Amino acid sequence: MRVLIIEDDPAIAANLYDFLEARGHTVDAAADGVTGLHLAVTQRFDGILLDLGLPGMDGMTLARKLREAAHVDTPILMLTARDTLEDKLRGFEHGADDYLVKPFALKEVEARLVSLHKRHTGKTVSRTLNVGDLSLDPKTLSIRFAGSDVKLPPKCIRLLELLMSDPGRVFSRRELESEVWGDAQETSDTLRSHMHVLRRALTLAGGRDPIETVHGLGYRLIARGD
Ligand code: CA
(Lines give C-alpha, C1' and ligand atoms only; values in the text may rest on other atoms or scores of the structure.)
Protein backbone atom coordinates (compact mmCIF):
# COMPACT_ATOMS: atom_id res chain seq x y z
CA MET A 1 0.00 0.00 0.00
CA ARG A 2 1.03 3.60 -0.52
CA VAL A 3 0.54 5.36 2.82
CA LEU A 4 0.72 9.04 3.70
CA ILE A 5 1.50 9.93 7.32
CA ILE A 6 0.49 13.44 8.39
CA GLU A 7 1.80 13.83 11.93
CA ASP A 8 3.84 16.59 13.58
CA ASP A 9 5.17 14.58 16.52
CA PRO A 10 8.57 13.39 15.20
CA ALA A 11 8.71 10.32 17.44
CA ILE A 12 5.23 9.08 16.49
CA ALA A 13 5.83 9.85 12.80
CA ALA A 14 9.16 8.00 12.80
CA ASN A 15 7.61 4.98 14.57
CA LEU A 16 4.79 4.78 12.04
CA TYR A 17 7.15 5.37 9.11
CA ASP A 18 9.68 2.71 10.15
CA PHE A 19 7.04 0.13 11.02
CA LEU A 20 5.01 0.50 7.84
CA GLU A 21 8.09 0.61 5.63
CA ALA A 22 9.47 -2.53 7.28
CA ARG A 23 6.14 -4.19 6.55
CA GLY A 24 6.62 -3.51 2.85
CA HIS A 25 4.48 -0.41 2.38
CA THR A 26 5.56 2.68 0.46
CA VAL A 27 5.44 5.53 2.92
CA ASP A 28 5.47 9.31 2.61
CA ALA A 29 5.25 11.76 5.49
CA ALA A 30 4.33 15.36 6.20
CA ALA A 31 4.82 17.20 9.50
CA ASP A 32 2.24 19.94 8.96
CA GLY A 33 -1.25 20.24 7.56
CA VAL A 34 -0.49 22.34 4.50
CA THR A 35 2.26 20.01 3.23
CA GLY A 36 0.07 17.01 4.03
CA LEU A 37 -2.88 18.37 2.08
CA HIS A 38 -0.64 19.20 -0.87
CA LEU A 39 0.77 15.64 -0.96
CA ALA A 40 -2.68 14.07 -0.52
CA VAL A 41 -4.06 16.07 -3.45
CA THR A 42 -1.12 15.82 -5.85
CA GLN A 43 -0.16 12.16 -5.32
CA ARG A 44 -2.13 8.96 -5.14
CA PHE A 45 -2.23 7.10 -1.81
CA ASP A 46 -4.14 4.04 -0.66
CA GLY A 47 -4.55 5.37 2.85
CA ILE A 48 -3.84 8.46 4.95
CA LEU A 49 -2.88 8.49 8.63
CA LEU A 50 -4.00 11.88 9.86
CA ASP A 51 -3.16 13.48 13.20
CA LEU A 52 -5.82 15.79 14.57
CA GLY A 53 -3.62 18.50 16.09
CA LEU A 54 -1.26 19.82 13.41
CA PRO A 55 0.55 23.09 12.82
CA GLY A 56 -0.61 25.14 9.84
CA MET A 57 -3.91 23.37 9.33
CA ASP A 58 -5.59 20.97 11.77
CA GLY A 59 -6.62 17.45 10.79
CA MET A 60 -10.37 18.21 10.68
CA THR A 61 -9.87 21.10 8.28
CA LEU A 62 -7.50 19.03 6.16
CA ALA A 63 -9.99 16.14 5.90
CA ARG A 64 -12.81 18.51 4.96
CA LYS A 65 -10.76 20.28 2.28
CA LEU A 66 -9.59 16.98 0.88
CA ARG A 67 -13.14 15.67 0.53
CA GLU A 68 -15.11 18.79 -0.32
CA ALA A 69 -12.68 20.98 -2.24
CA ALA A 70 -10.35 18.43 -3.83
CA HIS A 71 -12.86 15.52 -4.10
CA VAL A 72 -10.18 13.07 -3.00
CA ASP A 73 -11.74 9.95 -1.43
CA THR A 74 -8.58 8.24 -0.16
CA PRO A 75 -9.48 6.45 3.10
CA ILE A 76 -8.48 8.48 6.18
CA LEU A 77 -7.55 6.89 9.51
CA MET A 78 -7.57 9.69 12.07
CA LEU A 79 -5.10 9.54 14.95
CA THR A 80 -6.40 11.38 17.96
CA ALA A 81 -5.23 11.99 21.49
CA ARG A 82 -8.58 13.44 22.44
CA ASP A 83 -10.75 10.56 23.43
CA THR A 84 -14.08 12.35 23.48
CA LEU A 85 -17.19 11.44 21.55
CA GLU A 86 -17.66 14.95 20.18
CA ASP A 87 -14.21 14.97 18.57
CA LYS A 88 -14.88 11.63 16.92
CA LEU A 89 -18.22 12.81 15.59
CA ARG A 90 -16.58 15.91 14.18
CA GLY A 91 -13.91 13.73 12.58
CA PHE A 92 -16.48 11.63 10.78
CA GLU A 93 -18.46 14.66 9.68
CA HIS A 94 -15.28 16.01 8.14
CA GLY A 95 -14.58 12.88 6.14
CA ALA A 96 -12.51 10.55 8.33
CA ASP A 97 -13.28 6.86 7.74
CA ASP A 98 -11.99 5.49 11.01
CA TYR A 99 -9.97 6.64 14.03
CA LEU A 100 -7.48 5.35 16.56
CA VAL A 101 -6.88 6.92 19.95
CA LYS A 102 -3.25 7.47 21.00
CA PRO A 103 -1.38 5.53 22.20
CA PHE A 104 -2.09 2.87 19.61
CA ALA A 105 -0.46 -0.42 18.62
CA LEU A 106 1.42 -0.19 15.32
CA LYS A 107 0.01 -3.54 14.22
CA GLU A 108 -3.48 -2.20 14.71
CA VAL A 109 -2.70 0.88 12.60
CA GLU A 110 -1.66 -1.40 9.76
CA ALA A 111 -4.66 -3.71 10.19
CA ARG A 112 -7.08 -0.75 10.05
CA LEU A 113 -5.33 0.73 7.01
CA VAL A 114 -5.46 -2.55 5.10
CA SER A 115 -9.09 -3.05 6.03
CA LEU A 116 -10.06 0.50 4.94
CA HIS A 117 -8.21 0.00 1.66
CA LYS A 118 -9.93 -3.32 0.96
CA ARG A 119 -13.35 -1.88 1.52
CA HIS A 120 -12.53 1.20 -0.52
CA THR A 121 -11.44 -0.81 -3.55
CA GLY A 122 -14.07 -3.49 -3.11
CA LYS A 123 -17.07 -1.16 -3.26
CA THR A 124 -19.77 -2.90 -5.19
CA VAL A 125 -21.76 -1.01 -7.75
CA SER A 126 -25.46 -1.66 -7.62
CA ARG A 127 -28.82 -0.11 -8.37
CA THR A 128 -30.43 2.93 -6.75
CA LEU A 129 -32.25 2.12 -3.51
CA ASN A 130 -35.60 3.74 -2.82
CA VAL A 131 -37.50 3.58 0.47
CA GLY A 132 -40.44 5.98 0.57
CA ASP A 133 -39.06 9.48 0.06
CA LEU A 134 -35.49 8.36 0.76
CA SER A 135 -33.20 7.39 -2.12
CA LEU A 136 -29.55 6.36 -2.38
CA ASP A 137 -27.56 5.88 -5.57
CA PRO A 138 -24.58 3.60 -4.77
CA LYS A 139 -22.78 4.69 -7.95
CA THR A 140 -22.81 8.45 -7.38
CA LEU A 141 -23.33 8.16 -3.58
CA SER A 142 -26.00 10.82 -3.89
CA ILE A 143 -28.69 10.64 -1.23
CA ARG A 144 -32.02 12.44 -1.22
CA PHE A 145 -34.48 12.57 1.65
CA ALA A 146 -37.87 14.33 1.52
CA GLY A 147 -36.69 16.39 -1.47
CA SER A 148 -33.36 17.49 0.07
CA ASP A 149 -29.81 16.38 -0.69
CA VAL A 150 -28.03 14.64 2.19
CA LYS A 151 -24.23 14.75 2.51
CA LEU A 152 -22.72 11.90 4.53
CA PRO A 153 -19.29 10.43 5.30
CA PRO A 154 -18.56 7.12 3.51
CA LYS A 155 -19.19 4.83 6.48
CA CYS A 156 -22.54 6.48 7.20
CA ILE A 157 -23.55 5.96 3.57
CA ARG A 158 -22.69 2.27 3.91
CA LEU A 159 -24.79 2.03 7.09
CA LEU A 160 -27.73 3.69 5.37
CA GLU A 161 -27.31 1.45 2.35
CA LEU A 162 -27.55 -1.63 4.58
CA LEU A 163 -30.64 -0.39 6.40
CA MET A 164 -32.27 0.53 3.07
CA SER A 165 -31.53 -2.91 1.62
CA ASP A 166 -34.23 -4.38 3.86
CA PRO A 167 -36.61 -1.72 5.23
CA GLY A 168 -38.39 -2.58 8.46
CA ARG A 169 -35.98 -5.38 9.35
CA VAL A 170 -34.01 -4.94 12.57
CA PHE A 171 -30.25 -5.03 11.96
CA SER A 172 -28.28 -5.97 15.07
CA ARG A 173 -25.32 -3.85 16.11
CA ARG A 174 -23.01 -6.78 15.55
CA GLU A 175 -24.32 -7.30 12.03
CA LEU A 176 -23.92 -3.63 11.11
CA GLU A 177 -20.42 -3.47 12.59
CA SER A 178 -19.35 -6.61 10.80
CA GLU A 179 -20.74 -5.39 7.45
CA VAL A 180 -19.26 -1.91 7.66
CA TRP A 181 -16.00 -2.37 9.57
CA GLY A 182 -15.28 -6.08 9.37
CA ASP A 183 -14.91 -8.13 12.52
CA ALA A 184 -12.20 -6.00 14.11
CA GLN A 185 -14.42 -3.72 16.24
CA GLU A 186 -13.71 -4.01 19.97
CA THR A 187 -16.28 -1.47 21.10
CA SER A 188 -19.68 -0.28 19.95
CA ASP A 189 -18.49 3.33 20.12
CA THR A 190 -17.68 3.61 16.42
CA LEU A 191 -21.10 2.38 15.32
CA ARG A 192 -22.82 4.66 17.83
CA SER A 193 -20.85 7.68 16.60
CA HIS A 194 -21.63 7.00 12.95
CA MET A 195 -25.29 6.27 13.64
CA HIS A 196 -25.52 9.60 15.44
CA VAL A 197 -24.01 11.48 12.48
CA LEU A 198 -26.27 9.64 10.03
CA ARG A 199 -29.48 10.29 11.96
CA ARG A 200 -28.62 13.92 12.58
CA ALA A 201 -27.96 14.52 8.87
CA LEU A 202 -31.20 12.82 7.83
CA THR A 203 -33.22 14.72 10.42
CA LEU A 204 -31.73 18.02 9.29
CA ALA A 205 -32.50 17.26 5.64
CA GLY A 206 -35.94 15.70 5.95
CA GLY A 207 -37.34 17.06 9.20
CA ARG A 208 -37.67 13.62 10.73
CA ASP A 209 -35.50 10.65 11.65
CA PRO A 210 -36.38 7.56 9.57
CA ILE A 211 -34.17 5.29 11.68
CA GLU A 212 -35.55 3.64 14.80
CA THR A 213 -33.53 2.26 17.70
CA VAL A 214 -34.99 -1.07 18.74
CA HIS A 215 -33.74 -1.30 22.30
CA GLY A 216 -31.59 -4.30 23.04
CA LEU A 217 -31.74 -5.43 19.41
CA GLY A 218 -30.40 -2.85 16.98
CA TYR A 219 -31.69 -0.43 14.36
CA ARG A 220 -34.19 -0.43 11.54
CA LEU A 221 -35.39 1.88 8.81
CA ILE A 222 -39.02 2.93 8.90
CA ALA A 223 -40.58 2.97 5.44
CA ARG A 224 -42.95 5.87 4.87
CA GLY A 225 -44.18 6.63 1.40
CA ASP A 226 -45.64 10.15 1.64
CA1 CA B 1 -0.05 16.62 16.80
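Read the numbers this way: they start at 1 and go in the same order the structure lists the ligands and their atoms. Predicted model only: the values in this text are computed from it and were never measured.
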Query - N/O/S from Asp9 sitting under 3.0 Å away from the Ca ion (ligand 1) - result: no
Requested in this report: State yes or no: do Phe92 and Ile6 share one hydrophobic cluster built from I, L, V, M, F, W and Y residues joined by side-chain heavy-atom distances below 4.5 Å, directly or via other members?
Outcome: yes
Report task. For the residue pair Leu159 and Leu152, establish whether any side-chain heavy-atom pair is separated by less than 4.5 Å. Result -> no
Query - Residue from Ile5, Leu62, Leu66 passing side-chain contact (heavy atoms from CB on, under 4.5 Å) with Ile48 - result: Leu66
**Report entry** Residue from Arg112, Arg119, Arg67 passing salt bridge (charged side-chain N to carboxylate O under 4.0 Å, His left out) with Asp97
**Finding:** Arg67
Query raised in the report: Near the Ca ion (ligand 1), is there an N/O/S atom from Glu7 that is less than 3.0 Å away?
Result: no
Query - Atom of Asp8 nearest the Ca ion (ligand 1) (restricted to N/O/S, atom name only) - result: OD1
Query raised in the report: To the nearest 10°, how many degrees is the angle Gly53 O to the Ca ion (ligand 1) to Asp51 OD2?
Result: 70°
Report task. State which residues pass side chain to side chain contact (heavy atoms under 4.5 Å, CB included) with Asp28; sequence neighbours excluded, sorted by chain then number. Result -> Leu4, Leu39, Gln43, Phe45
Query raised in the report: From the Ca ion (ligand 1) out to just under 3.0 Å, does an N/O/S atom of Leu52 turn up?
Result: no
